Novice: 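Could you have a look at this structure, given as structure tokens, before my questions?
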Amino acid sequence: MNAPPVLTELKLSAEMQRAINTALESGRAIAIAYVDESGAPQLSFRGSTQAYSATQLAIWVRNPQGRILSATKKNPAVALIYANHDPKERGFMSFRGRARVAESAEVRNRVYDQAPVGERNLDKERKGVPLIIDLDSVDGFFGGARLQMRL
């Protein structure tokens, strides 16, 4: 049996982006890990997680006073995880990168508008902010390939 191909270039394929963008509605919510101000690790499911580009993820953070924003301002290192256990579409992706708040109206609108309807309905006044994650690596297994993607 042949070993699966190994993808090393950090570039999210269209299929990976679709899996990320539909994670919530397919029951595969993506979790983000960050370190809070006291140095403790935190995990949080984020239904608005989306592929922002081939090398970036984005999250609409509904509460602009939330812990994740103050924590990532101090320490931008984050990790996210996606898992699909369906034997026909099995895929696992572990993302590492640096989070930052985007200030422009264009980015705010795009991230909000691309969030799932249920997530948008929880922040109809658009009080939240977009958190952009510039990816450094993606590891795992997806689409029949091993992922060892690096910048």
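Both backbone and side-chain heavy atoms feed into the values below; hydrogens, waters and symmetry mates do not. Computed from a predicted structure; not experimentally measured.
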Novice: To the nearest 0.5 Å, what is the distance between CG on Asn63 and CG on Leu69?
Specialist: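 Going from the CG atom of Asn63 to the CG atom of Leu69 covers 7.5 Å.
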
Novice: For Arg96, give me all partners under salt bridge (Lys or Arg N to Asp or Glu O under 4.0 Å), at least two apart in sequence or on another chain.
Specialist: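 In terms of salt bridge (Lys or Arg N to Asp or Glu O under 4.0 Å), with neighbours along the sequence ignored, Arg96 is linked to no residue.
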
Novice: Test side chain to side chain contact (heavy atoms under 4.5 Å, CB included) on Lys127 and Gln65; report intermediate values, then the result.
Specialist: CA-CA 10 Å; Lys127 292 182 180 178; Gln65 282 75 44; over 6 Å; no

Novice: Around atom CZ of Phe45, are there more than 12 heavy atoms of other residues, nucleotides or ligands at under 6.0 Å?
Specialist: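 Not buried by this count: 12 neighbours or fewer within 6.0 Å.
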
Novice: Under the criterion side chain to side chain contact (heavy atoms under 4.5 Å, CB included), I'd like the reasoning laid out for Thr72 against Leu131: C-alpha separation, chi angles, the key distance, then a yes or no.
Specialist: CA-CA 9 Å; Thr72 54; Leu131 191 67; 4.0 Å; yes

Novice: Pick one: which of Arg108, Arg126, Arg120 meets side chain to side chain donor-acceptor pair (under 3.5 Å) with Asp113?
Specialist: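 The single option meeting the side chain to side chain donor-acceptor pair (under 3.5 Å) with Asp113 is Arg126.
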
Novice: Can you find a pair of side-chain heavy atoms, one from Val61 and one from Ile68, that are under 4.5 Å apart?
Specialist: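 In contact.
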
Novice: Do the side chains of Leu7 and Met16 get nearer than 4.5 Å, heavy atoms only?
Specialist: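 Yes - at least one pair of side-chain heavy atoms lies under 4.5 Å apart.
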
Novice: Side chains of Gln50 and Asn21: donor-acceptor distance under 3.5 Å anywhere?
Specialist: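 No donor-acceptor contact under 3.5 Å links the two side chains.
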
Novice: Using side-chain heavy atoms (C-beta onward) and a distance below 4.5 Å, is Glu106 in contact with Arg110?
Specialist: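 No, too far: nothing below the 4.5 Å cut-off.
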
Novice: What pairs with Asp136 under salt bridge (Lys or Arg N to Asp or Glu O under 4.0 Å), at least two apart in sequence or on another chain?
Specialist: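 Salt bridge (Lys or Arg N to Asp or Glu O under 4.0 Å) list for Asp136, sorted by chain: Arg98.
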
Novice: Has the side chain of Asp86 got a donor or acceptor atom that lies under 3.5 Å from a matching backbone atom of Arg90?
Specialist: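 Pair absent, no side-chain N/O of Asp86 close to backbone of Arg90.
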
Novice: Could you tell me which residues satisfy ring-ring contact (aromatic ring centres under 6.0 Å, His included) with Phe141, sequence neighbours excluded, listed by chain and number?
Specialist: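 None.
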
Novice: For the hydrophobic clusters of this structure (ILVMFWY residues joined by side-chain heavy atoms under 4.5 Å, transitively), does one cluster hold both Leu151 and Leu12?
Specialist: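 As far as the 4.5 Å side-chain criterion goes, Leu12 and Leu151 are connected within one cluster.
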
Novice: Work out which heavy atom in Arg67 is nearest to a heavy atom in Ser70; give both atom names and the distance.
Specialist: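 Arg67 and Ser70 have their closest heavy atoms at O-OG, 3.1 Å.
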
Novice: Specify the closest pair of heavy atoms between Tyr82 and Gly91, including all atoms of both residues, with the distance to one decimal.
Specialist: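 Reported closest heavy-atom pair: CE2-O, 3.8 Å.
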
Novice: How close do Ile20 and Ala51 get, heavy atom to heavy atom, and via which atoms?
Specialist: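 Heavy-atom minimum between the residues: CG2-N, 3.6 Å.
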
Novice: Do the side chains of Arg62 and Glu119 get close enough for a salt bridge, i.e. N-O under 4.0 angstrom?
Specialist: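 Judged by the 4.0 Å cut-off on N to carboxylate O distance, Arg62 and Glu119 do form a salt bridge.
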
Novice: Walk me through it: do Gln56 and Ile133 pass the test side chain to side chain contact (heavy atoms under 4.5 Å, CB included)?
Specialist: CA-CA 5 Å; Gln56 296 171 307; Ile133 296 108; over 6 Å; no

Novice: Looking at side-chain heavy atoms only, is the closest gap between Glu37 and Lys73 below 4.5 Å?
Specialist: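 The answer is no, as the side chains (C-beta and beyond) never meet within the 4.5 Å cut-off.
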
Novice: Which salt bridge (Lys or Arg N to Asp or Glu O under 4.0 Å) pairs, counting each pair once, include a residue from residues 142-151, with sequence neighbours left out?
Specialist: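 Non-adjacent pairs meeting salt bridge (Lys or Arg N to Asp or Glu O under 4.0 Å): Asp139-Arg150.
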
Novice: Could you measure the distance from the NZ atom of Lys11 to the OG atom of Ser53? Nearest 0.5 Å is fine.
Specialist: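 The OG atom of Ser53 is 11.0 Å from NZ of Lys11, to the nearest 0.5 Å.
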
Novice: With heavy-atom distances below 4.5 Å as the criterion, would you say the side chains of Arg100 and Asp134 are in contact?
Specialist: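 Result yes, sub-4.5 Å side-chain heavy-atom pair found.
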
Novice: Using 0.5 Å steps for rounding, measure from the CD atom of Gln17 to the OG1 atom of Thr22.
Specialist: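 It comes to 11.5 Å.
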
Novice: Kindly say whether Gly128 contributes a backbone atom to a donor-acceptor pair with the side chain of Asp123 at under 3.5 angstrom?
Specialist: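 Yes, the answer is positive, given that a donor and an acceptor are paired below the 3.5 Å cut-off.
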
Novice: For Phe142, check ring-ring contact (aromatic ring centres under 6.0 Å, His included) against everything at least two apart and list the hits.
Specialist: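 ring-ring contact (aromatic ring centres under 6.0 Å, His included) check on Phe142 returns nothing, list empty.
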
Novice: Of Leu147, Thr49, Val138, which meets side-chain contact (heavy atoms from CB on, under 4.5 Å) against Phe95?
Specialist: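 Going through the options one by one, the only one that passes is Val138.
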
Novice: Grouping I, L, V, M, F, W and Y whenever their side-chain heavy atoms are under 4.5 Å apart, do Val35 and Val78 come out in a common cluster?
Specialist: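 No: no chain of side-chain contacts under 4.5 Å links Val35 to Val78.
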
Novice: Which atoms form the tightest heavy-atom contact between Gly144 and Pro5, and what is the distance?
Specialist: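 What the structure gives for the nearest pair is O-CD, 3.4 Å.
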
Novice: What is the minimum heavy-atom distance between Ile32 and Leu80, and which atoms define it?
Specialist: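 That closest heavy-atom pairing would be CG1-CG, 3.8 Å.
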
Novice: For Met149 and Leu10, work out which heavy atoms get closest and say how close.
Specialist: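 Between these two residues, the closest heavy atoms are CB-CA, 3.8 Å.
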
Novice: Quick one about Arg46 and Ser48 (side-chain donor to acceptor, distance below 3.5 Å, no hydrogens or angles considered), yes or no?
Specialist: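 Side chains of Ser48 and Arg46: no pair found under 3.5 Å.
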
Novice: For Tyr52, which fellow cluster members are found when Ile, Leu, Val, Met, Phe, Trp and Tyr are connected by side-chain heavy-atom distances below 4.5 angstrom, either directly or through intermediates?
Specialist: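 Noted: Tyr52 shares its cluster with Trp60, Val107, Val111, Tyr112, Ile132.
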
Novice: Does one hydrophobic cluster hold both Ile30 and Leu24, with members joined at side-chain heavy-atom distances below 4.5 Å?
Specialist: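 No, no single cluster joins them.
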
